[in-house]
Amino acid sequence: MRLMNDILMIIAIAFGLAMDCLAVSLCIGSSPFPKNIRSIFRVSFHFGLFQGGMTLLGWLLGSTVVKLIAQFDHWLALLLLAWVGGRMIYEGIAQSEQQTKENCEDPTRGSTLVMLSVATSIDALGVGLSLALLKVNVTYASLIIGLVSLLLSIAGLLSGKQLGARFGKNVEIFGGMLLIFIGLRIVATHLLV
């Protein structure tokens, strides 16, 4: 019975953590950069890997390091999400799609993808610590959290592509604003707790 309760709790936590991945994936999916199987796999794999990995890392680091990081992790998430969101808003306002692609980085590659992966998975550090305190099997928890994030990221990327085709650059502007809002929500959640 305890095992079933632990699994249900981990699945609920996984969906909660994956909401940021879903929102960011919707934004990336609506961007003008081409979406193919490789880019969808790259984004969803990174988001799933970072979510599961940060959960495991939080469990490994223990309370000392997490307490040090907890003082500024929400500000780091806000900074990263605001930077990427601001760039998306700029891209959405830019005159031509070709100019946007030449001047801005593809969010499915390189440093932008890594920043988004870190920003959406910082909360998983604290979850990893909590799971260690609850004596839950962190290996299974990390795998479930990573898998749920991967699957919701795929859903977001595919849905974002349809939204982008239907509403054009307005979705990208909205997506950038949504990323900034997610960063503000993370800060507000940490400050109000």
Side-chain angles (χ1 to χ4, degrees), residues 16-36 38-51 53-54 69-127 149-150 152-193:
L17 287 174
M19 287 300 113
D20 288 344
C21 293
L22 175 63
V24 172
S25 295
L26 282 166
C27 297
I28 292 172
S30 69
S31 71
F33 294 96
K35 305 319 165 288
N36 53 37
R38 291 177 73 186
S39 64
I40 290 171
F41 173 78
R42 196 167 41 244
V43 171
S44 58
F45 174 78
H46 275 80
F47 284 3
L49 178 68
F50 273 73
Q51 285 284 4
M54 288 288 215
I69 294 171
Q71 294 176 5
F72 63 89
D73 67 348
H74 47 287
W75 293 109
L76 178 62
L78 173 62
L79 179 69
L80 295 174
L81 290 170
W83 184 74
V84 174
R87 289 179 54 158
M88 287 181 71
I89 292 169
Y90 170 77
E91 291 169 19
I93 295 173
Q95 277 90 13
S96 73
E97 189 172 300
Q98 184 61 32
Q99 179 186 5
T100 299
K101 287 183 184 177
E102 289 172 4
N103 293 339
C104 299
E105 290 181 40
D106 182 351
T108 69
R109 295 181 173 274
S111 62
T112 303
L113 178 57
V114 171
M115 281 191 297
L116 288 172
S117 299
V118 169
T120 57
S121 64
I122 284 178
D123 288 343
L125 276 171
V127 168
S149 296
L150 182 139
L152 288 183
S153 296
I154 291 171
L157 288 162
L158 295 175
S159 301
K161 185 177 182 180
Q162 294 167 346
L163 289 173
R166 184 169 179 185
F167 297 106
K169 289 185 174 277
N170 292 331
V171 174
E172 192 167 5
I173 293 168
F174 177 75
M177 291 170 28
L178 182 61
L179 289 181
I180 294 169
F181 174 76
I182 291 169
L184 291 170
R185 181 186 60 83
I186 290 169
V187 169
T189 301
H190 279 78
L191 294 178
L192 297 176
V193 171

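- Considering CD1 of I180 and CZ of R185, their distance stands at 14.5 Å, rounded to 0.5 Å.
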Residue pair H46, L116: steps toward the side-chain contact (heavy atoms from CB on, under 4.5 Å) verdict
CA-CA 9 Å; H46 275 80; L116 288 172; over 6 Å; no
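- Heavy-atom minimum distance, V43 versus S25: CG1-OG, 4.4 Å.
- From I40, atom CD1 reaches atom OG of S153 across 11.0 Å, with rounding to the nearest 0.5 Å.
- Here the CG atom belonging to L152 is positioned 11.0 Å from the CG atom belonging to L17, to the nearest 0.5 angstrom.
- Within the 3.5 Å criterion, the main-chain N or O of G156 finds no donor-acceptor partner in the side chain of S159.
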What verdict does the side-chain contact (heavy atoms from CB on, under 4.5 Å) test give for F41 and L150, after you've listed the backbone C-alpha separation in whole Å, the side-chain angles of each residue and the deciding distance to 0.1 Å?
CA-CA 9 Å; F41 173 78; L150 182 139; 5.7 Å; no
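- At least one donor-acceptor pair closer than 3.5 Å links the side chain of Q51 to the backbone N or O of T120.
- Atom SG in C21 sits 11.5 Å away from atom CD1 in I154 (nearest 0.5 Å).
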Quick one: do I28 and F47 satisfy side-chain contact (heavy atoms from CB on, under 4.5 Å)? Show the steps, please.
CA-CA 12 Å; I28 292 172; F47 284 3; 4.2 Å; yes
